[in-house]
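Report on the following structure.
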Amino acid sequence: MTLVVKMADTVQLDGVEKRISALESIVFGNADKDALYPKCIESLLALQTKILASVDGKKKTEQVFANLPQLRQYMDPAYTDELILSDEAKSEIVLAEEDFLNRMASQLQVIKENEGAINSEHVRNVPKLSEKLQELSKIQIKQQDETAEVTEEAAKLIDSYNSTITTLSKIFIQWDEELTRLEMASKPKKSDS
């Protein structure tokens, strides 16, 4: 039991050390951290003193500070899952989502297989070519508008042509009727003898 506790403590200590190293790199960057530590500690102590002075005598704020560890525990999703779902419920959820998980796994496999094509130069150049595509789209829209105007003009000309041909056909029919009437009138009439 003590070995397990010591291992857990070691893992937690390693995690804390990694977080401290990450914070140090954020705060100090490439600067000499040993030279800057005293100034940083002094600033933190001054800040803590100011915070405590501003909170002093305010019971609700003191209660919030006292309850921060408990609040952090309640906000941890793993803790809420642990409270809400038993292991059997979790396994039932996984089994219920088996088809979905299998589909996602197969889709991920397809992505993995096509990783070369996805990371190809052609796909990476798509953002660069989007401006050219927008220009081509504008040109296409302009040409469609021009085509619509030409089509409309052609339709007007065809209507005008049809109207002219219809009028000429009517005139020719009237002339033919008039010519036939005149030919009939000019023929000698046969007398009944």
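Side chains are part of it too, since the values below use all heavy atoms of this structure and drop only hydrogens, waters and symmetry mates.
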Distance col, row Leu101:CG vs Leu95:CG, nearest 0.5 angstrom, shows 9.5 Å
Query raised in the report: Are the side chain of Ser163 and the backbone N or O of Asp159 linked by a donor-acceptor pair below 3.5 Å?
Result: no
What I'd like to find out is whether the side chain of Val16 reaches to under 4.5 Å of the side chain of Arg19, using heavy atoms alone. no
Interatomic distance, CG@Asn102 vs CD@Glu97, rounded to 0.5 Å, equals 11.0 Å
**Prompt:** Are Phe100 and Val94 connected, step by step, through hydrophobic side chains (Ile, Leu, Val, Met, Phe, Trp, Tyr) whose heavy atoms are closer than 4.5 Å?
**Reply:** yes
Here the pair of heavy atoms bringing Ser106 nearest to Arg103 is OG-O, 2.8 Å
Here the gap from Leu133 atom CG to Ser137 atom OG, rounded to the nearest 0.5 Å, amounts to 4.5 Å
Correct closest heavy-atom pair for Ala66 and Pro69 would be O-CD, 3.7 Å
So CD1 of Ile20 and OG of Ser25: to nearest 0.5 Å the spacing works out to 12.0 Å
Quick one, Lys112 with Glu115, criterion salt bridge (charged side-chain N to carboxylate O under 4.0 Å, His left out). Give me CA distance, side-chain angles, the key distance, then yes/no. CA-CA 5 Å; Lys112 186 77 171 170; Glu115 193 171 6; 3.8 Å; yes
Quick note, salt bridge (Lys or Arg N to Asp or Glu O under 4.0 Å) partners involving residues 137-149, not counting sequence neighbours, are none
Residues joined to Phe172 in its hydrophobic cluster, side chain to side chain under 4.5 Å directly or through other members, sorted by chain and number, are Leu168, Ile171, Trp175
Leu45 backbone acceptor or donor facing Thr49 side chain under 3.5 Å: yes
Residue pairs meeting ring pair (Phe, Tyr, Trp, His ring centres under 6.0 Å), one or both in residues 129-171, sequence neighbours left out, come to none
Does a salt bridge link Glu135 with Lys132, judged by any charged N lying under 4.0 Å from a carboxylate O?
no
Rounding to 0.5 Å, atoms CD1 (Ile165) and OG (Ser160) come to a distance of 10.0 Å
Value for CG (Leu44) from CD (Glu42), rounded to nearest 0.5 Å, stands at 10.5 Å
ask   = Between the main-chain N or O of Ser54 and the side-chain N or O of Lys58, is there a donor-acceptor pair closer than 3.5 Å?
value = yes
>> Please check if the number of heavy atoms outside Glu113 that lie under 6.0 Å from its CD is greater than 12.
In response: yes
Joining Ile, Leu, Val, Met, Phe, Trp and Tyr whenever any side-chain heavy atoms lie under 4.5 Å apart, the cluster holding Ile141 also takes in none
Students should find that the hydrophobic cluster of Val64, defined by side-chain heavy atoms under 4.5 Å apart, otherwise consists of none
Sequence neighbours excluded, the answer for side chain to side chain contact (heavy atoms under 4.5 Å, CB included) partners of Leu68 is Phe65, Leu71, Arg72
